Every structure is written in C-alpha cells, then in structure tokens.
Amino acid sequence: MKDEGIYLIALQQLEEAAKLIRLDPDIHEMLKHPKRSIEVSVPIRMDNGNIKVFKGFRVQHNDARGPCKGGIRYHPDVTFDEVKALAMWMTWKTALMDLPYGGGKGGVACNPKKLSVSEKERLTRRYTYMLLDFIGPDKDIPAPDVYTDEQTMAWIMDTYSMFEGFNVPGVVTGKPVSIGGIVGRKEATGRGVFYISVEVLKRKGINPKNAVCAIQGFGNVGYVTARLLHQEGCKIVAVSDSKGGVYRKDGVDPLKLHEHKMKTGTVMDFPGSKNITNDELLELDCDMLILAAMEGALNRSNAANTRARIIIEGANGPTTPDADEILYSKNITVVPDILANGGGVTVSYFEWVQNIERIFWTEQEVNLKLHEKMIKCFNDVWEMTNELRVNMRKAAYAIALKRVSDAIISRGLFP
Ligand code: NAD
C-alpha cells in the first residue's frame, strides 16, 4: 500500500461509521483531525563519531475518554501519514475495548537492524526528551510496536523519571517486570487473537480442534497465536515471514518452526514442509487466515483470490476498504484489528492500573481478565453486526465511534 493512502483509508473508515450511526457532522469534523501532531528531528551521535538526524513523530488523535495510548514504531518506512492513521485507529480500539483512554501513536523513521544497541538507546532517550512535555501517565502513554520492545520502554521510563526526579512507571506500558511491567504483556496480543479466533470459529460452527489455519507473520503476534492455536488442536498448515512462507498439509509445530527461525532467520526451508510465497499463503483454502504482519496485506489486487472462510486481523490495518467489500461479498467473516488485536492494549491498561495503584496480579489473573474482556467485546460486536446487518468492522467502528462521540458531547467544547 502507498504510504500517502493510509490516512485516507482511516478517514474513509471513519466516514462510513459516521454515516452508520448518523454522527453529528461537527463531531465528525473534529475527529478527522488529530488533536496534536508532533514532528521532531532527533540528532544522535553514531558509534563512528558522526551525528545523524532521524525524523520522529508522535500523534495524539483524541483524548476525550482519557489519556492517549499507543505504541512507538521504529521502521525505515515510518511516515507522518502512517502514524496519524495508527493514532486514529488507537482511538477506536481503546473505545471499543472500553478502556479509559484516547488514541495516540509514535514512530521514528530509522532502520533498527542497522543501529547498535547504544545507538538505539541514545535515539530512544533523545526522542523521549523531545516529547517530555507531551507524554506522562495522565497525558499520553507509549508502548512497544514494530521493532520496539521492553528495553525501549525501560529507556523511555528511565529518561522520563530522571526529569521528574522520581520513578514514574506509569509513563509507558510493556516495560520489563523488574521495573513495574506486567506478567503476560508480551503474549497478550497473540493471546487475545487466540481467544477471538476460537470464539469466531465456534460461532461459525467450526470445531477449533479440526480447524485448518494459515498465518501471515511469525513475530510476536503471529508466533504466540500459532502456539496457542496449535495447543488447542488447530492445524497450522502455513506460516510466513517477510522472506516467504512454508506449507505442510498435516500442519507444522509452531515451537519447532520457531526454533528453526531462530537458527536460520526465516521460516523458509523448514524440514518436512514446502516453501511457498506470501501471495500463495493468502490464497490458501483454509478455515481461518490470520494476518499478523503489516498493513495492506489484502487489497484490491488479491482479495478476490482469498479462499479462507474467516480472516482475523492480528496486525493493524492489514485489509484495505476495497478488499473489505470484496471479502464481504464473498461471505468471508473478517474480524477487524481494533477487536482482534485489542488484547495488547487491554493488558497494557492492566499494567498502568498496577503502576498507579501499586498492586500486582498473577499471570493467571491477567489472562482471566483478558479473556473476559475479549469475549465481552466480541459479543458486543457480534450483536451489533446482526443488529445493523453490516460487517464486523463497521459494527466495531459504530460502537467505538458512538462511545467517543458521547464523551465529546458530555464534555462540551471549550471555551
Ligand atoms: P514483529 O516485528 O514481532 O513481527 C512481524 C512479523 O511479520 C515478522 O515475522 C516479519 O517477518 C513479518 N513480516 C513483515 N513483513 C511481512 C510481509 N510483507 N509478509 C509476511 N510477513 C511479513 O511485530 P508484531 O509485534 O508481531 O506485530 C505484527 C503486527 O501486529 C503489526 O501490524 C503491529 O502493529 C500489530 N500489533 C502488535 C501488537 C503487539 O503487542 N506486538 C499489538 C497490536 C497490534
């Protein structure tokens, strides 16, 4: 997908949901624009002694329901447009999951694979310093996203705390457990995708134990989902990463495939399986296709070839609006990203509550709370789908948009 198109897609989705719930045009106009967009130039002393300047962004789309919440992404293709779209999607996601947050997102255009650990640390600390006035436990709470991790969050938390003069664990989520992180956060998104997958299979009358699944993306989200589905008895017949994919009719063991990827850097050439392309994986005849890589995986050019009965959006924005229409006409159920991958931000919320309240839950308690939340949200969306006779994305947007709109109306307009 072209970068410049992604914000237009977010606006198009907003417009469709606005029509559906007959949103007040003034509120629609407000929601088309992010509340605050920050662009920073981040100078870093590289290991070779030279200074390099990286572009960094943080977008706060809306905070009517609470502080902004959203990840920080390190990727060479990060653009302002992409961060704006992702921030808007976070507003809908936090509202749909009924968390007391708004939506935000950040990113730095860099190639993290080419940065040393100390360069990454200096980049993170300087980027944090440049955002000091805009983030905080009551303002905007970053979290990990593509190519950022708990170490990145620890550096942000430390930098922010240095300036405050005391520890502020609630400034970020996805931290190491040793400094106030929550058990189960690393797995939470994949676990949430798993809970939703099992639920939708049951609703479609497919026994999860006989379900045949394909998974695009074998990183944090894809791997955890694959492992839990495999434990449940699903047959994972195909998996791919950025280099390509593998297919095995009788299913692959995600644990062994993960070991293979750790050794070789890719899932390809996994013993006992056949190499396939990413395009072939997307077109496989299966019960469930899980998209856990990047945006725009299913689009106008390939959606018509999809043969899965159910599609689960583990990634953010993997299906374009054109593709959505095609899939709907083919009677394929698409579980939208703001529901399917909402487990990550939900457990982030638990972490933030722990930090503020200075309490701790066990992993079992966290997973139980997550399960309860995911199923409740799934049921809300399923009911709305039947009530409005629309696809699940439109139903999820309708619920989220109504909640955000209600908050804006209750607060009124200052001054
Ligand atoms: P990750 O970096 O751990 O994994 C991404 C995977 O996708 C890797 O296996 C990579 O090789 C693969 N990939 C990249 N480009 C590909 C391509 N063109 N074709 C096939 N595979 C490709 O990232 P992640 O944390 O698993 O996140 C994946 C998606 O889920 C992203 O869209 C992210 O925004 C979204 N997401 C993640 C979380 C989270 O908690 N990690 C939460 C919500 C949403």
Side-chain angles (χ1 to χ4, degrees), residues 34 36-60 63 67-80 82-84 86-87 90 101 103-182 185-186 219-220 344-345 348 351-352 354-356:
R36 183 181 280 133
S37 304
I38 304 154
E39 178 177 331
V40 288
S41 301
V42 193
I44 300 302
R45 173 106 33 215
M46 305 302 279
D47 291 345
N48 65 9
N50 295 340
I51 288 176
K52 206 168 162 184
V53 181
F54 295 89
K55 275 275 168 266
F57 309 99
R58 184 77 191 168
V59 174
Q60 298 168 343
D63 64 354
C68 294
K69 185 88 191 81
I72 290 175
R73 175 175 288 202
Y74 287 177
H75 196 277
D77 299 336
V78 164
T79 62
F80 219 152
E82 180 188 53
V83 178
K84 269 164 62 183
L86 290 163
M90 283 306 297
Y101 289 138
K105 200 81 181 189
V108 178
C110 65
N111 187 347
K113 289 184 183 168
K114 292 201 170 147
L115 295 175
S116 69
V117 173
S118 58
E119 285 169 344
K120 234 188 278 179
E121 177 171 357
R122 287 194 291 278
L123 176 66
T124 304
R125 287 185 183 278
R126 182 73 187 218
Y127 170 70
T128 306
Y129 167 75
M130 297 174 97
L131 293 179
L132 277 183
D133 288 341
F134 304 103
I135 59 172
D138 295 315
K139 291 183 186 173
D140 181 3
I141 307 134
D145 192 69
V146 177
Y147 293 126
T148 56
D149 54 17
E150 56 177 34
Q151 178 60 74
T152 324
M153 296 306 114
W155 290 326
I156 296 177
M157 179 269 193
D158 183 68
T159 306
Y160 186 88
S161 298
M162 288 294 129
F163 280 89
E164 286 293 299
F166 51 88
N167 273 1
V168 189
V171 65
V172 284
T173 58
K175 300 175 290 294
V177 172
S178 58
I179 54 169
I182 191 167
R185 170 61 185 90
K186 241 196 250 172
N220 181 335
V345 70
S348 272
E351 177 176 337
W352 178 74
Q354 284 197 359
N355 295 154
I356 291 169

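Keep in mind that this is a model prediction, so the values were computed, not measured. The residues of the chain are indexed from 1 along the displayed sequence.
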Salt bridge (charged side-chain N to carboxylate O under 4.0 Å, His left out) between D145 and K105: does it pass, once the steps are laid out?
CA-CA 9 Å; D145 192 69; K105 200 81 181 189; 3.2 Å; yes
Do S161 and D158 pass the side-chain hydrogen bond (donor to acceptor under 3.5 Å, both in side chains) test, and can you show the C-alpha distance, the side-chain angles, and the key distance before you say yes or no?
CA-CA 5 Å; S161 298; D158 183 68; over 6 Å; no
Check whether any side-chain heavy atom of [X] lies under 4.5 Å from a side-chain heavy atom of [Y], and answer yes or no.
X    : Y    : result
S41  : K55  : yes
K139 : D63  : no
R126 : F54  : no
W352 : P137 : yes
I141 : Y101 : yes
Y160 : V172 : no
K175 : N355 : yes

Atom of [X], atom of [Y] and distance for their closest heavy-atom approach:
X    : Y    : result
C110 : L115 : SG-CD1, 4.2 Å
L123 : I44  : CA-CD1, 3.3 Å
V171 : P142 : O-CD, 3.2 Å
F134 : Q60  : O-NE2, 3.1 Å
G103 : C68  : O-SG, 3.6 Å

May I ask you to check whether F163 and Y129 place their ring centers less than 6.0 Å from one another?
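Here the rings of Y129 and F163 have centres that are less than 6.0 Å from each other.
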Is it the case that more than 12 heavy atoms not belonging to K84 sit under 6.0 Å from its NZ atom?
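More than 12 heavy atoms, drawn from other residues, nucleotides or ligands, come within 6.0 Å of this atom.
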We want to know whether S348 and T173 form a side-chain donor-acceptor pair, criterion being a heavy-atom distance below 3.5 angstrom.
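Yes, T173 and S348 have a side-chain donor paired with an acceptor closer than 3.5 Å.
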Consider only side-chain N and O atoms of D149 and T152, and report whether a donor and an acceptor are under 3.5 Å apart.
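There is such a pair between these side chains.
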According to salt bridge (charged side-chain N to carboxylate O under 4.0 Å, His left out), who are the partners of E121, at least two apart in sequence or on a separate chain?
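Per chain and number, E121 pairs via salt bridge (charged side-chain N to carboxylate O under 4.0 Å, His left out) with R125.
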Lys/Arg N to Asp/Glu carboxylate O, R73 vs E82, below 4.0 Å
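The answer is yes: the pair qualifies as a salt bridge.
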